[in-house]
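Notes follow the structure.
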Amino acid sequence: MSTPSFYQVIFDTIDSHIKKIHTSMPAIVKSYDEKLQKISVQPCFMDKEIDEITGLEIPKPLPVIQSVPVLFPRTKFSYIHFPIDIGDYVLLIFTERSIDKFTQIGGLVESDANYKHELTDCVALAGFYPFSHPMLGVDKKALQIVNNLSEIKLAEDGKIYLSNRGAVSAEAKLPDEPLVLGNILVEFSNKLIELIDKIADALQKNIGVGNLGAPVPASPSLIAELKKIQIELKNNKSIYLDNSETNINSNHFFGEK
C-alpha cells in the first residue's frame, strides 16, 4: 500500500469535513405534532459506510430527526395551515448554528454549540415532491387552495370558484374577550329599537277615530303585521340571547358569570 501524497491528505481532510456540512435535502414525515407544528422525519439521502468484510461502500440511511419545526406562511396572529400526514415529503433546510435556544424562547440568542450545519438543526418546508407525484388539476393562471375534496380558486378574470363534494357549513368562533358579549347585547338592543319603531309606525297608519269619537278596531292587516313583528322579535332574541353557543344567560353580561 503506497503512502498518500501530501496533496491527497489535504484533499481527504477537506472532503471529510465537507461531507459533514448539511445544507438541504428532502425527507419523509414520520409523525406530526399539530399543537407545536413540529415533525419527525426520515432524510431521503443516504450515507455510505465501509463494509468491514468486503471493504466496499454500502448505503446506510441517516437517522430519523426529531422535533423539526415546520415552516407555514404566518405572522404573529395570522397563518395558513395545511394538514401534514405520515408519508408526506418536506424539504429540510439546515441552519448555520444550533436552533435549540431559538425554538424555545425566540428573540436574539447566543448559540452554546460550536458546530454548524448539523443534521439535527433543521427546519422543514412542506411541498418538495418528486415529479412522479405532481399536483393534479392545476390551473396555471389561477391561485388555488385545495384540501382533498375542497377547493377555492381565484381566477385571473376576478372570478372566485368554490368547489366541494360535501356539505357547506359555517363555523362561528367567539373571541375570548368578554366585551364581545356586550357588543352582542348592543346589537340586540338596536334591533329591538328598530322593531319598536315598526310597531309605532304600524299603529299610526292603521288605527284612527270614528265620526262619533269611538276608536276604530284594529284592522286584520294590522294584527297580521304585529304578529310578524312579534315573530321577528322572538327570532332575534333566540339568535342573540338564547343561543347556547354564545354562553349568554340572564346573569351573563359583559363577561360576568
Side-chain angles (χ1 to χ4, degrees), residues 15-49 59-156 160-164 171 173:
D15 186 57
S16 65
H17 281 280
I18 290 177
K19 289 180 178 179
K20 296 178 182 179
I21 299 176
H22 301 287
T23 54
S24 65
M25 72 174 72
I28 302 172
V29 175
K30 307 297 290 185
S31 67
Y32 176 49
D33 180 352
E34 73 280 0
K35 292 182 179 180
L36 296 179
Q37 297 91 54
K38 61 182 182 179
I39 57 177
S40 62
V41 292
Q42 171 64 63
C44 291
F45 293 164
M46 291 196 292
D47 202 355
K48 292 182 179 180
E49 64 178 9
K60 175 186 178 183
L62 292 171
V64 172
I65 308 174
Q66 307 289 340
S67 299
V68 178
V70 183
L71 303 187
F72 292 102
R74 63 163 294 179
T75 57
K76 186 182 296 182
F77 298 114
S78 304
Y79 62 85
I80 298 175
H81 176 269
F82 35 88
I84 293 182
D85 293 326
I86 296 174
D88 281 342
Y89 287 98
V90 297
L91 176 65
L92 300 181
I93 301 175
F94 298 90
T95 61
E96 181 177 337
R97 299 280 182 89
S98 170
I99 61 174
D100 291 344
K101 277 190 175 181
F102 178 81
T103 55
Q104 297 300 319
I105 60 176
L108 301 178
V109 295
E110 183 180 1
S111 176
D112 293 332
N114 294 323
Y115 51 78
K116 299 180 179 181
H117 302 283
E118 282 291 318
L119 194 65
T120 55
D121 290 319
C122 60
V123 296
L125 287 172
F128 185 28
Y129 271 71
F131 292 131
S132 58
H133 293 76
M135 294 183 290
L136 303 178
V138 169
D139 184 340
K140 68 177 182 179
K141 294 187 177 182
L143 171 63
Q144 295 169 268
I145 301 175
V146 180
N147 183 20
N148 197 7
L149 302 180
S150 302
E151 178 180 357
I152 300 175
K153 181 167 73 173
L154 280 66
E156 64 174 351
I160 300 176
Y161 299 88
L162 303 177
S163 176
N164 75 298
E171 179 183 7
K173 293 185 177 181

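Along the sequence shown, residues are numbered consecutively beginning with 1.
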| Closest approach of Arg74 and Lys76, non-hydrogen atoms and distance? | NH2-O, 3.7 Å

| message | I want to check something: taking the side chain as every heavy atom from C-beta on, are Ile86 and Ile28 in contact at a cut-off of under 4.5 Å? | response | no

| message | Could you measure the distance from the CG atom of Leu136 to the NE2 atom of His133? Nearest 0.5 Å is fine. | response | 10.5 Å

| field | Inter- and intrachain pairs under salt bridge (Lys or Arg N to Asp or Glu O under 4.0 Å), touching residues 29-49, at least two apart | value | Lys48-Glu57, Glu49-Lys60

| query | When rounded to the nearest 0.5 angstrom, what is the spacing between CD1 in Ile145 and CG in Leu143? | reply | 5.5 Å

| field | Minimum heavy-atom distance Val68-Cys122, with the two atoms named | value | CG1-O, 3.6 Å

| Roughly how far, to the nearest 0.5 Å, is CD1 of Ile152 from CG of Leu162? | 6.0 Å

| said: My understanding is that only residues two or more places apart in sequence, or in another chain, count here; which of them pass side-chain hydrogen bond (donor to acceptor under 3.5 Å, both in side chains) with Ser40? | reply: Ser31

| task | Assess whether atom CD1 of Ile21 is packed by more than 12 heavy atoms of other residues, nucleotides or ligands within 6.0 Å. | result | yes

| task | Sequence neighbours left out, what passes ring-ring contact (aromatic ring centres under 6.0 Å, His included) with Tyr129? Give chain and number order. | result | Tyr89

| note | So CD of Gln37 and CG of Leu71: to nearest 0.5 Å the spacing works out to 11.0 Å

| note | By side chain to side chain contact (heavy atoms under 4.5 Å, CB included), Ala27 pairs with (sequence neighbours left out) Val41, Val90, Leu92

| said: Test of understanding: with side chain to side chain contact (heavy atoms under 4.5 Å, CB included), list the residues that count as partners of Phe102, not counting sequence neighbours. | reply: Val109

| remark: By side chain to side chain contact (heavy atoms under 4.5 Å, CB included), Pro26 pairs with (sequence neighbours left out) Cys44, Phe45, Phe128

| remark: Phe94 and Glu118 have their tightest heavy-atom pair at CD2-O, 3.3 Å

| message | Could you work out, with side chain to side chain contact (heavy atoms under 4.5 Å, CB included) as the rule, every residue matching Lys153, not counting sequence neighbours? | response | Asp139, Ala142, Gln144, Glu151, Tyr161

| Test item: Gln42 side-chain N/O and Leu62 main-chain N/O as donor-acceptor pair under 3.5 Å | yes

| message | As an exercise, state the distance from CG of Leu125 to CG of Leu91, rounded to the nearest 0.5 Å. | response | 5.5 Å

| task | Mind checking ring-ring contact (aromatic ring centres under 6.0 Å, His included) for His81 and listing every partner two or more places apart, or none if nothing turns up? | result | Phe72

| By side-chain hydrogen bond (donor to acceptor under 3.5 Å, both in side chains), which residues pair with Ser67, not counting sequence neighbours? | none

| Quick one: side-chain hydrogen bond (donor to acceptor under 3.5 Å, both in side chains) partners of Lys116, sequence neighbours excluded? | none

| Between Asp88 and Asp85, is there a donor-acceptor pair closer than 3.5 Å when you use the side chain of the first and the backbone of the second? | yes

| Ile99 CD1 to Gln104 CD distance, which is reported to the nearest 0.5 Å | 10.0 Å

